[in-house]
Amino acid sequence: MIFVQRASRPFPLGLMETQATSSGQRQFPCKNCGANLVFEPGETCLKCPYCHTENEIAIAAAPVEELDFYSALSDRSATQQMQETITVKCTNCGAESSLSPGVTSDHCPFCGAAIVAQGTSQKKIKPRSLLPFYVKREQAMGSFRDWIKSLWFAPSELIKYAEAGGLKGVYLPYWTYDSEADSQYRGERGDDYTEIEHYTAYENGKAVTRTRTVTKTRWWPVSGRVHNSFDDILVPASQSLPQKYVQQLEPWDLEHLVPYGDEFLAGFVAESYQVDLEQGFEQAKQIMAGEIEQTIRADIGGDHQRISSVNTRYSDITFKHLLLPAWISAYRYREQVYRFMVNARTGEVCGERPYSAWKIALAVMMALIVVAVIIWFINNH
Ligand SMILES: [Zn+2]
Ligand SMILES: [Zn+2]
């Protein structure tokens with residue numbers, strides 16, 4: 001990802017400034033007045049806040065292309081796939097991100113720790129598409145404030161943090177994979193049948209024979225092949241956020257992906273992928289396995305299915321590397337990190353809410369008193 005530098009805002013990390021400048025970062029001056037512009041969520045162009053000129057974003061007109069998985073793996077140095085990226089690594093959580101000078105970089109957007117690391121240059125696969133920010137900062141701030149109000153502990157520090165702009169716009173890295181999958185399986189098909197069963201019951205002390213209907217299952221060995229076509233299996237390429245929160249941000253409106261343009265990143269942080277192309281496909285396989293299993297069960301049929309082995313061959317694998325936008329706050333409070341996230345497309349929010357220890361202790365004490373009263377009541381009546 002390429003940096004955007006605004007002359008009016010000096011880069012906060014001295015070291016980064018020199019390195020970033022030498023890497024040929026891009027600025028987006030207004031074509032009319034020359035002011036340096038940042039991307040405003042919801043816009044389709046860089047609108048100048050001073051002279052109101054609309055500056056077009058130069059994106060490729062071609063649809064977002066899928067790239068071949070194996071040729072990308074075998075040809076890692078292919079220049080059209082790769083780009084030089086300067087990233088800063090958080091020594092606390094390991095997140096690597098490129099920073100835009102319009103963003104305060106004194107705290108890691110993922111864990112809230114102070115970033116003391118220096119920038120390093122890396123060759124990474126270029127993102128080819130993204131979903132631009134749509135939810136505006138003020139909207140996300142509104143959700144953030146509502147969330148703070150809902151917290152149990154006295155949130156005065158957190159409110160101060162929120163007011164200080166503790167919400168950062170971050171592009172999260174993702175992979176999507178398309179693949180054909182041919183699976184061979186072995187297993188058993190279970191068909192239910194009913195039987196009349198005789199049994200002995202006792203009535204007025206006398207043994208009598210009765211009948212009842214019972215359901216039993218007959219199992220047959222089966223084997224076969226199924227085919228699945230997968231489109232856009234989404235795999236997060238970040239490890240900086242807990243998986244469950246990343247999942248809570250879903251769904252994403254991937255049908256609105258646009259070809260990558262540096263302009264969309266102006267004013268935001270972009271995280272570099274930490275799950276590489278190959279590891280990402282391993283995760284995609286796990287997602288696909290669930291769907292393949294459903295297909296196999298349908299193929300076996302019957303009332304019950306047992307699957308003893310599945311052997312899947314994946315072919316025509318293609319991928320896209322994309323960036324998806326989120327507003328993130330990572331707040332440190334008493335040695336713990338509390339994160340709050342907003343899907344910057346849908347406004348969907350999720351977060352870690354701190355619980356007050358004394359309120360939990362109080363609830364436990366109340367429960368114990370109730371139990372003690374019940375025991376006393378039973379013993380004395
Ligand atoms: Zn202007
Ligand atoms: Zn961090």
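Every number for a ligand or one of its atoms is a count from 1 in the order of the listing.
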**Student:** Is the positively charged end of K126 above the ring of Y260, judged by distance under 6.0 angstrom from the centroid and angle within 45° of the axis?
**Tutor:** no
**Student:** Might you work through the salt bridge (Lys or Arg N to Asp or Glu O under 4.0 Å) test for R345 and D253, ending with a clear yes or no?
**Tutor:** CA-CA 8 Å; R345 295 292 299 179; D253 52 335; 2.8 Å; yes
**Student:** Please give me the minimum heavy-atom distance between D299 and R225, naming the atom from each residue.
**Tutor:** OD2-O, 3.9 Å
**Student:** Output, by chain and residue number, all protein N/O/S atoms separated from the Zn ion (ligand 1) by less than 2.8 Å.
**Tutor:** C30 SG, C33 SG, C48 SG, C51 SG
**Student:** What are the two closest non-hydrogen atoms of L277 and W175, and how far apart are they?
**Tutor:** N-CZ2, 3.5 Å
**Student:** How close do T312 and A181 get, heavy atom to heavy atom, and via which atoms?
**Tutor:** CG2-CB, 3.8 Å
**Student:** Determine whether the aromatic ring centres of Y314 and F281 lie less than 6.0 Å apart.
**Tutor:** yes
**Student:** How open is the angle at the Zn ion (ligand 2) from atom SG of C111 over to atom SG of C93, rounded to 10 degrees?
**Tutor:** 110°
